[in-house]
Amino acid sequence: MAISDPATTLPSDTQVPAKDSVALLAAIIDSSDDAIISKRLDGAITSWNPGAQRMYGYEPHEVLGKNISLIVPTDRREELAEVLARVGMGEPVEHHKTKRVHKDGTILDISITISPIHDTAGQIVGASVIGHDITYRLSLEREQKRLEDIQAEVERMQLEAQLHQSRMESLGQLAGGVAHDFNNLLGVILNYAAFVAEELTSAAATSTGSEWEGPLKDVKQIQLAAERAALLTRQLLSFARREVVQTRAISLNSAITRMEQILRRTIGEQIELVISLAASLPMVMADPGQIEQIVLNLAINARDAMPAGGILSIDTALREISENEGSVAGIPDGSYVYFRVGDTGVGMPAEIQDRAFKPFFTTKPRGEGSGLGLATVYGIVSQSGGYTRIYSDEGVGTSITILLPAAAHDAVPDEVGGHVDGLKPLVGTETILIVDDEEGQREMTQRILNRNGYTVLTACSGAQAIEIATSHVGPIDVLLTDVIMPEMHGPTVAKEVRNLRSDVRVLFMSGHAQPVLATEGLLGTEFLLVEKPFDEAKLLQNVRKVLDRDE
């Protein structure tokens with residue numbers, strides 16, 4: 001075989017002897033990093049260069065005379081037969097990507113070029129194969145493809161998260177809009193029902209018969225239903241992060257004690273309530289209304305798990321979490337107030353426990369559960385820096401345990417704003433300007449304040465409130481204004497009225513104040529908020545707090 005290459009350093013008129021040409025060709029083949037192999041058309045290997053030995057691991061004596069299928073994976077045997085058939089017809093095969101097997105079993109990615117070998121008569125008697133190992137390059141390509149797939153998955157997940165966030169924002173806006181109107185209605189229902197209950201109780205006290213017992217029970221049912229509706233509204237707002245969180249130092253024991261009466265009404269007579277509160281517990285930093293919501297949510301869940309009756313137990317204690325114990329449980333070491341609500345109900349299987357805190361998950365029949373109760377508890381506790389655990393056995397019962405970080409030793413308790421059922425209303429003689437665009441809410445609030453000694457001025461809009469503040473000749477001690485109103489929101493009303501009367505105290509009222517107060521920069525300021533729907537005692541407590549504090 002002769003080699004002619006114009007790029008060589010040999011003069012163009014130099015003739016290379018045939019034996020030297022063969023030697024040169026052999027040297028090139030032997031020094032090549034590629035596998036250079038020759039074989040007959042039946043597949044028998046006739047030559048095997050050092051490059052093939054390095055690539056496939058076989059020495060020449062191990063493969064010469066054997067079929068090329070020795071280095072071909074089983075699933076590529078049909079492909080080999082097709083390629084040999086094409087070469088046998090005189091068709092070269094170039095840069096064909098396939099796979100081969102190393103002696104140690106490793107699968108290699110190979111690019112091969114196959115050319116037919118002719119004898120002196122021009123007949124095709126075999127094929128020459130040049131194989132180039134592309135395993136590393138293909139590995140890089142595959143890794144790059146894997147990274148691209150991962151990136152695509154991340155982008156898909158980000159889009160899903162954005163869509164979920166958008167849906168949550170829409171849910172929050174919807175919940176807020178509904179809560180604003182619904183809380184006004186609930187406030188009217190709750191307080192007018194309380195007025196009626198008060199009159200019926202008074203009438204029953206002066207009557208010798210039992211004719212008032214039925215109507216009084218009916219009114220109590222109205223109150224109970226309204227309280228549960230108010231709880232559901234707060235759950236929606238809490239879940240949608242639309243409620244105003246008023247964090248302060250509170251006593252968990254006091255919060256539970258104040259709620260004992262409403263808890264007994266909520267769970268019914270067939271369930272025994274057992275409360276065990278540890279003495280001298282430290283304060284916790286939390287929103288009193290949210291703590292109330294946690295207790296009610298857990299009590300309602302426990303009640304529903306005991307349709308035939310049982311025991312609802314509530315315990316508190318001080319827990320010191322050590323560094324070793326906390327590292328195992330994933331809880332930072334420190335002092336915690338322990339709070340447990342347990343029942344002797346039906347219990348939960350493991351798969352239910354795993355999903356119990358997920359939003360909208362409920363095992364209750366359609367229409368009997370929102371799936372927000374435990375999700376709301378989990379969210380509130382987490383937001384307060386605490387931890388929630390669930391323990392349950394089927395047929396034995398369920399315990400929900402909560403750890404809330406203990407407040408600093410010098411924390412001063414501030415209980416106003418939580419449930420104040422049973423506290424004596426505080427009366428006064430000051431003048432209060434009420435601003436609320438809802439007539440029923442405005443009249444109900446006026447009635448509560450009037451019957452407790454206050455002088456009341458009312459306005460149905462911010463503009464009317466400013467007009468009253470300008471024209472009223474006497475003092476205005478408190479501006480009690482709704483937060484969300486048409487044309488002029490409460491914070492703007494407060495600013496305008498205080499410009500006219502700098503000494504006026506401000507108390508906001510709302511069931512959906514988070515967005516507006518955040519926009520106005522009033523969250524966490526000296527302005528107080530009483531959340532709708534409120535009862536008489538809660539309103540009077542907050543009014544007195546505004547009036548009696550130093551500014």
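Atoms considered below: every heavy atom in the structure, side chains included; atoms not considered: hydrogens, waters and symmetry mates.
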*Compare all side-chain heavy atoms of Ile250 with those of Met283 and state whether any distance is below 4.5 angstrom.*
no

*For the residue pair Arg442 and Cys460, what are the closest heavy atoms and their distance?*
NH1-CB, 3.5 Å

*Minimal non-hydrogen separation, Val274 against Glu272, with atom names*: CG2-OE2, 3.7 Å

*Does Ser392 reach the main-chain N or O of Gly397 with its side chain, forming a donor-acceptor pair under 3.5 Å?*
yes

_Leu507 and Asn542, any side-chain heavy atoms less than 4.5 Å apart_ = yes

*Distance-only, no hydrogens or angles: does the Ser471 side chain make a donor-acceptor pair with backbone N or O of Glu467 under 3.5 Å?*
yes

*Would you say the side chain of Leu296 lies within less than 4.5 Å of the side chain of Leu298, judging by non-hydrogen atoms?*
no

*CG/Asp436 to CD/Glu443 distance, rounded to the nearest 0.5 angstrom?*
11.0 Å

*Is there side-chain contact between Thr401 and Thr388, with at least one heavy-atom pair below 4.5 Å?*
no

*Ignoring hydrogens and angles, tell me if any N or O in the side chain of Gln541 forms a donor-acceptor pair with the backbone of Ala537 under 3.5 Å.*
no

*If you count the non-hydrogen atoms of other residues, nucleotides and ligands that lie under 6.0 Å from CD in Glu153, is the total more than 12?*
yes

*asked:* Just so I know, are the side chains of Met509 and Leu480 near enough to count as touching, which here means a heavy-atom distance under 4.5 Å?
replied: yes

_Asp393 side-chain N/O to Val396 backbone N/O, donor-acceptor pair under 3.5 Å_ = no

_Heavy-atom closest pair, residues Arg451 and Ile448_ = CG-O, 3.3 Å

_Lys/Arg N to Asp/Glu carboxylate O, Asp482 vs Lys532, below 4.0 Å_ = yes

_Please determine whether a side-chain nitrogen of the Lys or Arg among Arg544 and Glu430 lies less than 4.0 Å from a carboxylate oxygen of the Asp or Glu._
yes

_Glu536 and Asn452: side chain donor to acceptor below 3.5 Å_ = yes

*asked:* Please determine whether side-chain contact (heavy atoms from CB on, under 4.5 Å) holds for the pair Val506 and Val478, giving the CA-CA distance in whole Å, both sets of side-chain angles, and the decisive distance to 0.1 Å.
replied: CA-CA 6 Å; Val506 177; Val478 176; over 6 Å; no

*Quick one: pull up CD in Glu438 and CE in Met444 and give me the separation to the nearest 0.5 Å.*
11.0 Å

*Value rounded to 0.5 Å, distance of CD1 in Ile291 from CE in Met259*: 10.0 Å

*Quick one: closest heavy-atom pair of Ala465 and Val435, and the distance?*
CB-CG2, 3.5 Å

*Measure the shortest side-chain to side-chain distance between Val493 and Met485 over non-hydrogen atoms and say whether it is less than 4.5 angstrom.*
yes

*So, does Asn253 use its side chain to make a donor-acceptor pair with the main chain of Thr257 at under 3.5 Å?*
no

*Do Thr445 side-chain atoms and Gln441 backbone N/O form a donor-acceptor pair below 3.5 Å?*
yes

*Given side-chain contact (heavy atoms from CB on, under 4.5 Å), test Leu216 with Thr201 step by step and report yes or no.*
CA-CA 7 Å; Leu216 189 56; Thr201 301; 3.7 Å; yes

*Please report the C-alpha distance between Met306 and Leu312 in whole Å, then the side-chain angles of each, then the deciding distance to 0.1 Å, and finally whether the side-chain contact (heavy atoms from CB on, under 4.5 Å) criterion is met.*
CA-CA 9 Å; Met306 299 182 286; Leu312 170 61; 4.2 Å; yes

*asked:* Are more than 12 heavy atoms, taken from residues, nucleotides or ligands other than Glu439, located less than 6.0 Å from that residue's CD atom?
replied: no

*First locate atom CZ of Arg319, then atom CG of Leu403, and finally report the distance between them rounded to the nearest 0.5 Å.*
8.0 Å

*Return yes if some donor-acceptor pair links the side-chain N/O of Thr458 with the main-chain N/O of Ile434 below 3.5 Å, else return no.*
no

*Considering the options Leu479, Asp477, Val456, which one meets the side-chain contact (heavy atoms from CB on, under 4.5 Å) requirement together with Leu433?*
Leu479

*For residues Thr470 and Leu500, report the shortest heavy-atom separation together with the two atoms involved.*
OG1-CD1, 3.3 Å

*Measuring from Leu547:CG to Tyr454:OH, what's the distance to the nearest 0.5 Å?*
5.5 Å

For a quick test of your reading: what N or O donor-acceptor pairs under 3.5 Å do the side chains of residues 334-350 make, sequence neighbours left out?
| unit_1 | atom_1 | unit_2 | atom_2 | d |
| --- | --- | --- | --- | --- |
| Ser335 | OG | Glu320 | OE1 | 2.8 |
| Ser335 | OG | Glu320 | OE2 | 2.8 |
| Tyr336 | OH | Pro332 | O | 2.7 |
| Arg340 | NE | Asp315 | OD2 | 2.8 |
| Arg340 | NH1 | Ser399 | OG | 3.0 |
| Arg340 | NH2 | Ser313 | OG | 2.8 |
| Arg340 | NH2 | Asp315 | OD2 | 2.4 |
| Asp343 | OD1 | Gly345 | N | 2.8 |
| Asp343 | OD1 | Thr398 | N | 3.3 |
| Thr344 | OG1 | Ile311 | N | 3.0 |

*Please examine the side chains of Ile314 and Ile256, heavy atoms only from C-beta on, and report whether any two atoms are closer than 4.5 Å.*
yes

*Test item: Glu260 and Ile275 side chains (from C-beta on) under 4.5 Å apart, heavy atoms*: yes

_Donor-acceptor pair, side chain of His472 and main chain of Ile468, under 3.5 angstrom_ = no

*Evaluate whether atom CD of Glu155 has more than 12 neighbouring non-hydrogen atoms of other residues, nucleotides or ligands under 6.0 angstrom away.*
yes

*Kindly determine whether Asp218 and Ile222 satisfy side-chain contact (heavy atoms from CB on, under 4.5 Å), including the steps that lead there.*
CA-CA 6 Å; Asp218 292 342; Ile222 293 173; 5.6 Å; no

*Quick one: closest heavy-atom pair of Leu263 and Ala299, and the distance?*
CD2-CB, 3.6 Å

*Measuring from Ile466:CD1 to Lys495:NZ, what's the distance to the nearest 0.5 Å?*
11.0 Å

